[in-house]
Q: 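Pasting in a structure now, in structure tokens, and then I'll have a few things to ask.
All values below come from the heavy atoms of this structure, side chains included, with hydrogens, waters and symmetry mates left out. Naming convention: chains lettered A, B, ... in sequence-line order (proteins, then strands); numbering from 1 in each chain. Since the model is a prediction, treat every value here as computed from it, not as a measurement.
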There are 2 protein chains.
Amino acid sequence: MSTTPQTAPRRATITDVAREAGTGKTSISRYLNGEMSVLSPELRARIEAAIARLDYQPNQMARGLKRGRNRLIGMLLADLTNPYTVEVLQGVEAACHALGLMPLICHAANEVEMERRYLQLLTTYRVEGVIVNALGVREATLRPVVGNGIPAVLVDRLVDGLVADMVGLDNRAAAELGTRHLLDSGFDDIWFAVQPFEQVSSRQLREAAFREAINARAGQATRGAQGGHGGARGHTLVLNLADTAEVERSIVELDRAIDAAASRRLALFAANAPVALCLALHLKARYGADWQSRVALLSIDDPDWAELTGVTTIRQPTYEIGYRAVEFLHERIEGVQTAARDCLLPGELIVRASTSR
Amino acid sequence: MSTTPQTAPRRATITDVAREAGTGKTSISRYLNGEMSVLSPELRARIEAAIARLDYQPNQMARGLKRGRNRLIGMLLADLTNPYTVEVLQGVEAACHALGLMPLICHAANEVEMERRYLQLLTTYRVEGVIVNALGVREATLRPVVGNGIPAVLVDRLVDGLVADMVGLDNRAAAELGTRHLLDSGFDDIWFAVQPFEQVSSRQLREAAFREAINARAGQATRGAQGGHGGARGHTLVLNLADTAEVERSIVELDRAIDAAASRRLALFAANAPVALCLALHLKARYGADWQSRVALLSIDDPDWAELTGVTTIRQPTYEIGYRAVEFLHERIEGVQTAARDCLLPGELIVRASTSR
DNA sequence: CTGTTAGCGCCTTCAA
DNA sequence: TTGAAGGCGCTAACAG
């Protein structure tokens, strides 16, 4: 028995099968495409046998070349490290499977330049469509795709100047839900932590909705004055996770607030799981295992460790987001011409110990 | 301005470029393949211009069809939910990028049947090679691939009857390292928790190495008798994560041991992160937030939450595993014929509060 | 019902 | 240095 991986005997082609079955390529092709009604049972049987004997499998690339569609779609991901991404991917995989599509997954690892290259590469493979969940997506970045008539569906963010379907969380509602929950739980000093949001629509929306929710409550003079301030107070803390040193610098502001709060427990609203994790790790390092007695953390996204550490979250319907994105894309590929659609799915508040004391 | 995503103008082909440049297709092809030495600077300039004007990009599928290699490789993954998988994937992506390969990622979501289908599908796209990290891989499952001469590299597990390169953690050493660490930290009653391991070589190895390490220590009669037993005691707990009810049933055995241990702190050695998470969640539900005072958890794999909860781990060199796998595969694709290789990479012990009190 | 004939977009002899 | 011709594996008219 050899210990060298053996090398291949060339694969059977449609021509081989035709010869083996004693017929023409056309009939084989018909068989492959399920046009059974135009094949005599006898021929059909011969073809079946020949295929089995040769262990024949049609070459998708050749088919694609001929018919102009290869059933490949591209999926561009900014960050596989984010559990959100992986969950969306599951929905994508499932939908692709159901619709007979094959996703080409590209992971840009948070590098804008890499996103550009991948998009261009996908174009080269003639994918029939693209699902994009990336950072640096602007109209220009997507030009190689959209400009060539390849339909695109955006996940979790809009791109201005670009007309395309989008599917994602209802960010406004989610941020509002979280903020209200904190307010209703008695927290009146809330810090909203978010990554730099100039470029990313979903982050913008979350932050804006947070501020509005705070202001709405601050306006209501129904609550008594507290610590000299009427109503609730909100702060926005920007954390650039790409730069550890910068994070350290930004976060001191928060540390000071926590120290100053003394006995009162501050609330921290993380715009997504990576931010929440960053905060939790920092707080744990600074205040020890018992950090949650100093601060109430709430996060959009529902990572594994939220349950384990008792952190309240707003879970996104990630699987469905991925699934819907593929469905939209599939429709476009099939030629649907309706106006661009926005599909906003609701988040679900999962209350845990961090906010329910 | 339209709100309907626009549809495509047909893409330029090599023929279009040839016409635009006023030359033949051959020259364009030569240009594309970098055969600059056989092109007059003048022609070359014209071609460049034509390509730019038409925004031409060669069709990879057509190239692939012609030359018999499309630069696609398949990557079959059992479970993207496992952080290990995602990390390996990062290494794979990076290596592919460096080597000019494009990975087709297939996620089988722990379903053996789906693994089979994906493997067959990959075959159909004529991938040049396959990297496999799956559950149900047996020689038979891989036949459509290997039988057709498509090189395969296994990640994290061997398949008997199959001669192929493999890369993964040095499981024996890792399990030994973990066990020794627990023993040296003063734990003499250790439970090794692992998913069903009949089919999966890496799990088998970890379990076996655990038992051996225990026995080696139990044999050494150097330590005084404790609780009536000489030396260390080890137990293996099988957790079938695919079946919640079954997990509940298996885990009562552990619960009893913990209850019985009373003041003494048991040690729990999880064979991987999913198992560790399952245990941690269970223990937290049963013993409350302070569950770590009852039990010392140690896990192979180093998920996010380990740092957050202070759990000691053995980190796998995941990125490198993925990277190496692609390198091996690439060599095979290029025709290397050496004997099948096993690449075992060492794990790194990361001591945290759970075992250092 | 079945086979023949053209290509899909590209690369690769082979001549010029 | 350049181009024409043929073919990769498959499908899609168009005849029989």
Q: With sequence neighbours left out, which residue pairs that include part of residues 129-152 of chain B fulfil the salt bridge (Lys or Arg N to Asp or Glu O under 4.0 Å) condition?
A: B:Glu139-B:Arg143
Q: Could you list the protein-to-nucleotides 14-16 of chain C atom pairs, N/O on both sides, closer than 3.5 Å?
A:
none

Q: B:Arg19 CZ to C:dG9 C1': how many Å, rounded?
A: 13 Å
Q: Look at B:Arg332 together with B:Glu128 and state whether they make a salt bridge at an N to O cut-off of under 4.0 Å.
A: no
Q: How long is the gap from CG on B:Leu80 to CD on A:Gln90, to the nearest 0.5 Å?
A: 6.0 Å
Q: Cation-pi between B:Arg44 and B:Tyr31: NZ/CZ under 6.0 Å from ring centre and within 45° of the ring axis?
A: no
Q: Does D:dA12 have OP1 or OP2 under 4.0 Å away from a side-chain N or O of A:Ser29?
A: no
Q: Would you say B:Asn59 places a side-chain N or O within less than 4.0 Å of OP1 or OP2 belonging to C:dC8?
A: no
Q: Side chain of A:Ala62, heavy atoms from C-beta onward: which of C:dG9, D:dC10, C:dT2 has the nearest atom to it?
A: D:dC10
Q: Expressed in angstrom and rounded to an integer, what is the separation of B:Asn70 atom CG from C:dC10 atom P?
A: 15 Å
Q: Look at the side chain of A:Lys66 against the base of C:dG7 and say whether a donor-acceptor pair falls under 3.5 Å; ignore hydrogens and angles.
A: yes
Q: Starting at CZ of B:Arg69 and ending at C1' of C:dT12, how long is that distance when rounded to a whole Å?
A: 16 Å
Q: Can you tell me the distance, in whole Å, between the OH atom of B:Tyr31 and the C1' atom of D:dG3?
A: 19 Å
Q: Counting only distance, no hydrogens or angles, is the base of D:dA4 paired donor-acceptor with the side chain of B:Thr26 under 3.5 Å?
A: yes
Q: List for me each residue that meets side-chain hydrogen bond (donor to acceptor under 3.5 Å, both in side chains) alongside B:Glu111, sequence neighbours excluded, and say none if there are none.
A: none
Q: Can you tell me the distance, in whole Å, between the CG atom of B:Leu65 and the P atom of C:dT12?
A: 12 Å
Q: Between A:Leu39 (CG) and C:dT2 (P), how many Å, whole number?
A: 6 Å
Q: Let me know the distance between CD1 of A:Ile14 and C1' of C:dT5, rounded to the nearest Å.
A: 15 Å
Q: Closest to the A:Leu43 side chain: C:dG3, C:dG9, D:dG9?
A: C:dG3
Q: From the options D:dG3, D:dT11, C:dC11, select the nucleotide whose nearest atom is closest to the side chain of A:Arg63.
A: D:dT11
Q: Tell me what B:Ile28 touches on the nucleic acid: a base, only sugar-phosphate, or nothing, going by heavy atoms under 4.0 Å.
A: nothing
Q: Pair A:Asp165, A:Leu154 - check side-chain contact (heavy atoms from CB on, under 4.5 Å), show working.
A: CA-CA 6 Å; A:Asp165 294 330; A:Leu154 300 171; over 6 Å; no
Q: May I ask you to verify if any side-chain N or O of B:Ser40 is less than 4.0 angstrom from the OP1 or OP2 atom of D:dT2?
A: yes
Q: Among B:Leu142, B:Val153, B:Ile150, which residue meets the side-chain contact (heavy atoms from CB on, under 4.5 Å) test with B:Val130?
A: B:Ile150
Q: Select base, sugar-phosphate, or nothing to describe what A:Ser27 touches, counting heavy atoms under 4.0 Å on all strands.
A: sugar-phosphate
Q: Whole angstroms only, please: what is the OH-C1' distance between A:Tyr56 and D:dG9?
A: 7 Å
Q: For A:His97 and B:Arg117, what are the C-alpha separation, side-chain angles and deciding distance, and is it a side-chain contact (heavy atoms from CB on, under 4.5 Å)?
A: CA-CA 10 Å; A:His97 195 77; B:Arg117 279 210 300 242; 2.7 Å; yes
